[in-house]
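I have placed the structure first, in the form of structure tokens, so that the comments after it can refer back to it.
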Amino acid sequence: MALYAIGDLHLSLAVDKSMEVFGPAWENYVFRIEEGLSVLRPEDTLILAGDTSWGMTLEEAEADFKFLDRFPGKKYLIKGNHDYWWTTAAKLCRFFEEKGIRTLDILHNSCAFYGDYAVCGTRGWFLEEDQKPHNAKVLNREVMRLETSLAAAEERPILCFLHYPPLYQGYQCPEILAMLEKYGVQSCCYGHLHGPAIRRRWEGERCGTDFSLISADYLGFAPKKICE
């Protein structure tokens, strides 16, 4: 039994938006994802840390969901900034049930348990990407969602997964970092960074939390084993 994580698969099996246009790092990426996910066993759990599918609707993302559903093990989806197909939890769960997608679930205003660990997470936010006032509201909402997830951990050690990095070289999100410190989060994995931005990643310990980047292209399209 093992817990794995990977973010930013950017699957596009039903829409014309292949990531291969971004150069050699993404060449044959669907095949490489398929190879990487072949390590999964029925008793394993996989966290997908956002930007899973380019589909604009659930219908456009269906082929990508069914691709992931082919692999064994439980899978939890976290919302990314490009997951435009994301809707309410009730609609997502109903869609998965109607389409016979059995291994996918979402991590959103919620917490899952893996062995002795609590698995928590949310999208997060970069306030600096757009300084319009409404984004402060989005950030506050994400902080509230994160706390809802963390508070449900029931005093278990916490593994946290975000789409946006809460810190990297030259940037940090104090509100998210404060929440991680408040709840004594053991480790925090994040995605979103690609290409040259990968050089600015933060790897290692800060205030008791171990941080690591899990963007698919950074991991070579093989999920990172978090624990057994």
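Source: prediction; values computed, not measured. The first residue in the sequence is number 1, and the count goes up from there.
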### Task
Determine, stepwise, if the pair H108 / I78 fulfils side-chain contact (heavy atoms from CB on, under 4.5 Å).
CA-CA 7 Å; H108 189 69; I78 290 173; over 6 Å; no

### Query
Below 4.0 angstrom, N of the basic side chain to O of the carboxylate: do R206 and E181 qualify?
no

### Task
Answer yes or no: is there an ion pair linking E142 with R145, defined by an N-O contact shorter than 4.0 Å?
yes

Test item: [X] side-chain N/O and [Y] main-chain N/O as donor-acceptor pair under 3.5 Å:
{"X": "S149", "Y": "L146", "value": "no"}
{"X": "E203", "Y": "L213", "value": "yes"}
{"X": "S187", "Y": "D210", "value": "no"}
{"X": "R200", "Y": "Q169", "value": "yes"}
{"X": "D51", "Y": "N81", "value": "yes"}

Does one hydrophobic cluster hold both [X] and [Y], with members joined at side-chain heavy-atom distances below 4.5 Å?
{"X": "Y190", "Y": "I198", "result": "yes"}
{"X": "F113", "Y": "Y117", "result": "no"}
{"X": "V21", "Y": "V15", "result": "yes"}
{"X": "M144", "Y": "Y183", "result": "no"}

Min side-chain heavy-atom separation [X]-[Y] under 4.5 Å:
{"X": "P165", "Y": "R201", "result": "no"}
{"X": "E205", "Y": "F211", "result": "no"}
{"X": "Y4", "Y": "L40", "result": "yes"}
{"X": "C160", "Y": "C189", "result": "no"}
{"X": "K79", "Y": "W86", "result": "yes"}
{"X": "T88", "Y": "K91", "result": "yes"}

#### Entry: Neighbour count >12 (heavy atoms, 6.0 Å) for atom CZ, R199
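Incorrect, the count does not exceed 12.
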
Working to the nearest 0.5 angstrom, can you tell me the gap between [X] [atom1] and [Y] [atom2]?
{"X": "K224", "Y": "L219", "atom1": "NZ", "atom2": "CG", "result": "7.5 Å"}
{"X": "I6", "Y": "L37", "atom1": "CD1", "atom2": "CG", "result": "6.5 Å"}
{"X": "L11", "Y": "Y29", "atom1": "CG", "atom2": "OH", "result": "6.0 Å"}
{"X": "I106", "Y": "N109", "atom1": "CD1", "atom2": "CG", "result": "8.5 Å"}
{"X": "Y114", "Y": "C227", "atom1": "OH", "atom2": "SG", "result": "5.0 Å"}
{"X": "L92", "Y": "L77", "atom1": "CG", "atom2": "CG", "result": "8.0 Å"}

### Query
Going through the distances and angles, do L9 and L68 end up as a side-chain contact (heavy atoms from CB on, under 4.5 Å)?
CA-CA 10 Å; L9 297 183; L68 294 169; 3.8 Å; yes

I'd like a table of donor-acceptor pairs (distance under 3.5 Å, sequence neighbours excluded) in which one partner is a side-chain atom from residues 52-61, with atom names and distances.
{"residue": "S53", "atom": "OG", "partner": "G55", "partner atom": "N", "Å": "3.0"}
{"residue": "S53", "atom": "OG", "partner": "D64", "partner atom": "OD2", "Å": "2.6"}
{"residue": "T57", "atom": "OG1", "partner": "E59", "partner atom": "N", "Å": "3.4"}
{"residue": "T57", "atom": "OG1", "partner": "E60", "partner atom": "N", "Å": "3.1"}
{"residue": "E60", "atom": "OE1", "partner": "M56", "partner atom": "N", "Å": "2.8"}

### Message
Walk me through whether W125 and R141 qualify under side-chain contact (heavy atoms from CB on, under 4.5 Å).
### Response
CA-CA 10 Å; W125 193 251; R141 188 166 65 239; over 6 Å; no

### Query
Between F95 and W85, does the ring centre distance come in under 6.0 Å?
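That pair fails the under 6.0 Å test.
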
Identify every side-chain donor-acceptor pair in residues 96-103 under 3.5 Å, counting partners at least two apart or on other chains, and give the distances.
{"residue": "T103", "atom": "OG1", "partner": "D69", "partner atom": "OD1", "Å": "2.7"}
{"residue": "T103", "atom": "OG1", "partner": "K75", "partner atom": "NZ", "Å": "2.8"}

If every non-hydrogen atom of [X] is compared with every non-hydrogen atom of [Y], which pair is closest and at what distance?
{"X": "A152", "Y": "C111", "answer": "CB-CB, 3.6 Å"}
{"X": "L13", "Y": "A63", "answer": "CD1-O, 3.7 Å"}
{"X": "I158", "Y": "C120", "answer": "CG2-SG, 3.9 Å"}
{"X": "A25", "Y": "F221", "answer": "O-CE1, 3.3 Å"}
{"X": "F161", "Y": "A5", "answer": "CE2-CB, 3.5 Å"}
{"X": "D217", "Y": "G195", "answer": "OD2-N, 3.7 Å"}

### Message
Before you tell me yes or no, could you show the steps for H194 and H10 under ring-ring contact (aromatic ring centres under 6.0 Å, His included), namely the whole-Å CA-CA distance, both residues' side-chain angles and the distance that decides it to 0.1 Å?
### Response
CA-CA 12 Å; H194 305 292; H10 288 289; 5.6 Å; yes

### Message
The criterion is side-chain hydrogen bond (donor to acceptor under 3.5 Å, both in side chains); which residues satisfy it with D105, sequence neighbours excluded?
### Response
none

#### Entry: Listed partners of F22 passing side chain to side chain contact (heavy atoms under 4.5 Å, CB included), at least two apart
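F22 satisfies side chain to side chain contact (heavy atoms under 4.5 Å, CB included) with M19, W26 once adjacent residues are dropped.
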
#### Entry: Non-neighbouring partners of V143 that pass side chain to side chain contact (heavy atoms under 4.5 Å, CB included), sequence neighbours left out
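Residues passing side chain to side chain contact (heavy atoms under 4.5 Å, CB included) with V143: L139, E175, I176, M179.
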
Under 3.5 Å donor-acceptor pairs involving side-chain atoms of residues 43-50, not counting sequence neighbours:
{"residue": "D44", "atom": "OD1", "partner": "A2", "partner atom": "N", "Å": "2.8"}
{"residue": "D44", "atom": "OD1", "partner": "R41", "partner atom": "NH2", "Å": "3.3"}
{"residue": "D44", "atom": "OD2", "partner": "R41", "partner atom": "N", "Å": "2.8"}
{"residue": "D44", "atom": "OD2", "partner": "R41", "partner atom": "NE", "Å": "3.3"}

### Task
For ring-ring contact (aromatic ring centres under 6.0 Å, His included), just list the numbers for Y171 and W202, CA-CA rounded to whole Å, side-chain angles, deciding distance to a tenth of an Å, and then say yes or no.
CA-CA 10 Å; Y171 169 83; W202 179 279; over 10 Å; no

### Task
List the steps, then state whether side-chain contact (heavy atoms from CB on, under 4.5 Å) holds for K182 with E147.
CA-CA 9 Å; K182 175 181 177 180; E147 183 159 32; 2.7 Å; yes

